[in-house]
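What follows is one structure encoded as structure tokens, with my remarks underneath.
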Amino acid sequence: MARALLGRTLVHDTAPGTVSGRIVEVEAYGDESDPASHARPGPTRRNASMYGPPGHAYVYRSHGIHLCFNVVTGRSGRAAAVLVRALEPIRGLATMARRRGVGDPRRWTPGPGCVGEALGLDRLDDGRDLTGEALWITRLRVRHPGERIVATPRIGIRVGRERLWRFVLVHPGEDRGKVTDGRVGR
DNA sequence: GTATCGATTAGC
DNA sequence: CTAATCGATACA
């Protein structure tokens with residue numbers, strides 16, 4: 001369940017230092033029957049991790065440039081994953097600022113490509129066991145008072161928009177931007 | 001082999 | 001709006 005990831009902390013522990021953030025925006029992707037999923041065409045080299053055991057990372061290259069992080073959620077042989085689209089920075093703030101190249105914390109982890117860059121993900125993180133020592137997600141879920149989960153269509157896709165599989169933690173009165181995210185797709 | 005498009009982002 | 005340019009698809 002994608003919602004179960006919201007409020008948990010995603011941690012990457014590497015040489016430059018530990019970076020972490022609270023997961024505040026996710027999207028669920030399914031198997032061959034989900035027209036928006038990378039698993040739509042069946043197994044390929046890129047999506048291999050989606051077919052692997054749950055609790056591992058699926059890290060893919062987006063538009064030749066960005067690395068985006070998913071948690072594999074389906075049993076082995078059944079593709080399913082949850083894309084982490086946004087974090088609230090917690091640890092390693094200086095490291096995130098350096099990797100992102102900007103000083104404003106709001107620009108460190110506001111999208112999946114930004115998350116990958118701020119975390120310092122590597123192509124080798126694809127398939128990584130999330131119960132290991134380098135990359136993991138906390139058991140604890142932090143929910144602020146009044147915070148709600150909003151479900152919306154997924155961002156940046158052309159097909160499968162009828163499924164409300166994007167989930168966002170929203171503070172009432174605060175984050176209107178998180179709900180719409182500006183885009184409807186192309 | 002070529003052409004085209006994306007679960008994206010930054011910058012005109 | 002476009003460039004960045006990897007990985008996958010469709011097609012010759």
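Sequence lines set the chain letters: A, B, ... in the order given, protein chains first and strands last, and positions in each chain run from 1. Everything numeric in this text was worked out from a predicted model, so none of it was measured.
- You'll find that the side chain of A:Ile65 is closest to C:dA4, out of B:dA7, C:dA4, B:dA10.
- Here C:dT5 presents its P atom at 19 Å from OH of A:Tyr60, a figure rounded to the nearest Å.
- Spacing between atom CG of A:Leu121 and atom P of C:dC6 amounts to 18 Å, rounded to whole angstrom units.
- Which of B:dA7, B:dT8, B:dG6 sits closest to the side chain of A:Arg158 comes down to B:dG6.
- Set against C:dA8, C:dC6, B:dA7, the side chain of A:Arg45 has C:dA8 as its closest nucleotide.
- The nearest whole Å value for the distance from the CH2 atom in A:Trp165 to the P atom in B:dA7 is 15 Å.
- Across the protein-nucleic acid pair, A:Asn70 atom CG and B:dT8 atom C1' stand 14 Å apart, rounded to whole Å.
- Note: A:Leu5 CG to A:Arg22 CZ = 13.0 Å, rounded to the nearest 0.5 Å.
- With C:dA8, B:dA7, C:dT9 as the candidates, the nucleotide lying closest to the side chain of A:Arg46 is C:dA8.
- By the 4.5 Å heavy-atom criterion applied to side chains, A:His12 and A:Thr95 are not counted as neighbours.
- Each of B:dT8, C:dC6, B:dA10 was ranked by its minimum atom distance to the side chain of A:Arg100; first place goes to B:dA10.
- Atom-to-atom, CZ of A:Arg123 to P of C:dC6 comes out at 12 Å; the value is rounded to the nearest Å.
- Of all non-hydrogen atoms in A:Asp31 and A:Ser33, the two that sit nearest each other are OD1-OG, 2.5 Å.
- A:Gly64 comes within contact range of at least one nucleobase, with a heavy-atom separation under 4.0 Å.
- Checking A:Arg107, A:Arg106, A:Arg100 one by one against A:Asp104, the side chain to side chain donor-acceptor pair (under 3.5 Å) holds for a single residue, A:Arg106.
- Surrounding CZ of A:Arg91 are at most 12 heavy atoms belonging to other residues, nucleotides or ligands under 6.0 Å away.
- Using P as the reference atom, C:dA10 and B:dA7 are 14 Å apart when rounded to the nearest Å.
- Closest approach to the A:Tyr29 side chain among C:dA4, B:dA7, C:dG7 is made by B:dA7 (side chain taken as heavy atoms from C-beta onward).
- Within the 4.0 angstrom heavy-atom criterion, base atoms lie near A:Tyr58.
- When the P atom of B:dT9 is taken as reference, atom CD1 of A:Ile155 falls 10 Å away, rounded to whole Å.
- For A:Arg107, no side-chain nitrogen or oxygen approaches OP1 or OP2 of B:dT9 to under 4.0 Å.
- The side chain of A:Arg61 approaches C:dC6 more closely than any other nucleotide in the set B:dG6, C:dC6, B:dA7.
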Give the dot-bracket string for DNA chain C, reading 5' to 3', where a pair is Watson-Crick or G-U wobble with both distances under 3.5 Å, ( ) marks pairs inside the strand, [ ] marks pairs crossing earlier ones, | marks a partner on another strand, and . marks unpaired.
||||.||||||.

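- A:Leu83 places a side-chain heavy atom less than 4.5 Å from the side chain of A:Cys68.
- Within a 6.0 Å sphere centred on CD of A:Glu162, other residues, nucleotides and ligands contribute more than 12 heavy atoms.
- Close to C:dA8, at under 4.0 Å from its OP1 or OP2, lies a side-chain N or O of A:Thr44.
- To the nearest whole angstrom, the two C1' atoms, one in C:dG7 and one in B:dA10, are 22 Å apart.
- For the pair A:Arg99 CZ and B:dT9 P, the computed distance is 17 Å after rounding to whole Å.
- Other residues, nucleotides and ligands place more than 12 heavy atoms under 6.0 Å from the CZ atom of A:Arg61.
- Between the side-chain ring of A:His63 and the base of B:dG6, a stacking contact exists by the 5.5 Å and 30° definition.
- Whole-Å rounding puts the A:His66 NE2 to B:dT8 C1' distance at 5 Å.
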